[in-house]
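Working notes for the structure below.
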Amino acid sequence: DTATLEQAARVYREAHAVRRALYGPRHLDVAASARELATALWLSGHEAEAEPYFRESLATLRAAHPAGDPRLALALANYGGRLMARGRHR
């Protein structure tokens, strides 16, 4: 339910802040927590708030992995699917 997702988003937001403080902005653990936070926000109906976290995660993955890496491909496909579900095709 929405309340549970919003609670999850609060926890993920805290985890993301801690990881950023520990590792800096371009660490893969920070990218993972950004993606988790974005997903919780998206699923709770906060799509606009989620988008910068998806983009942050993708930027880190792009910097860490070559273009053909399956982890990057999966992240791009997931984000693209969310955009299509939202009706935004870029």
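Of all the heavy atoms in Ser44 and Leu5, the pair that sits closest is CB-CB, 3.6 Å. For the residue pair Pro52 and Ala48, the shortest heavy atom distance occurs at CD-O, 3.3 Å. The two residues Ala38 and Ala50 come nearest to each other via the heavy atoms O-CB, 3.3 Å. Summarising the geometry of Leu41 relative to Ala9, their closest heavy-atom pair is CD2-CB, 3.9 Å, with the distance given to 0.1 Å. Closest of all the heavy-atom pairs between Leu72 and Pro66 is CD2-O, 3.9 Å.
Looking at heavy atoms from C-beta onward, Leu76 lies in side-chain contact with Arg62 at the 4.5 angstrom threshold. Between Leu61 and Leu28, some side-chain heavy-atom pair lies under the 4.5 Å cut-off. Looking only at side-chain heavy atoms (C-beta outward), Arg19 and Glu14 stay at 4.5 Å or farther from each other.
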### Task
Decide yes or no on side chain to side chain contact (heavy atoms under 4.5 Å, CB included) for Val30 and Arg26, but give the supporting numbers first.
CA-CA 7 Å; Val30 177; Arg26 292 292 176 225; over 6 Å; no
### Query
Checking side chain to side chain contact (heavy atoms under 4.5 Å, CB included) for the pair Arg35/His16: CA distance, chi angles, key distance, verdict?
CA-CA 9 Å; Arg35 184 187 63 249; His16 184 61; over 6 Å; no
### Task
Check the pair Thr2 / Leu43 against side chain to side chain contact (heavy atoms under 4.5 Å, CB included), numbers first and verdict last.
CA-CA 8 Å; Thr2 302; Leu43 293 174; over 6 Å; no
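Side-chain polar atoms of Glu51 and His46 form no donor-acceptor pair below 3.5 angstrom. For Glu36 and Tyr53, the side-chain atoms include no donor-acceptor pair closer than 3.5 Å.
Every residue two or more places apart in sequence or in another chain was checked for a side chain to side chain donor-acceptor pair (under 3.5 Å) with Thr39, and none qualifies.
Here CZ of Arg82 is found 9.5 Å from CD of Glu47. Values are rounded to the nearest 0.5 Å.
Neither Val18 nor Leu37 shares a network with the other; the hydrophobic side chains, linked directly or stepwise wherever heavy atoms of I, L, V, M, F, W or Y lie under 4.5 Å apart, form separate groups for each.
We find that Arg13 and Glu6 are not joined by a salt bridge, their nearest charged nitrogen and carboxylate oxygen being 4.0 Å or further apart.
Note on ring orientation: taking the six-membered ring where Trp is involved, the planes of Phe54 and Trp42 are perpendicular (angle over 60°, cut-offs 30° and 60°).
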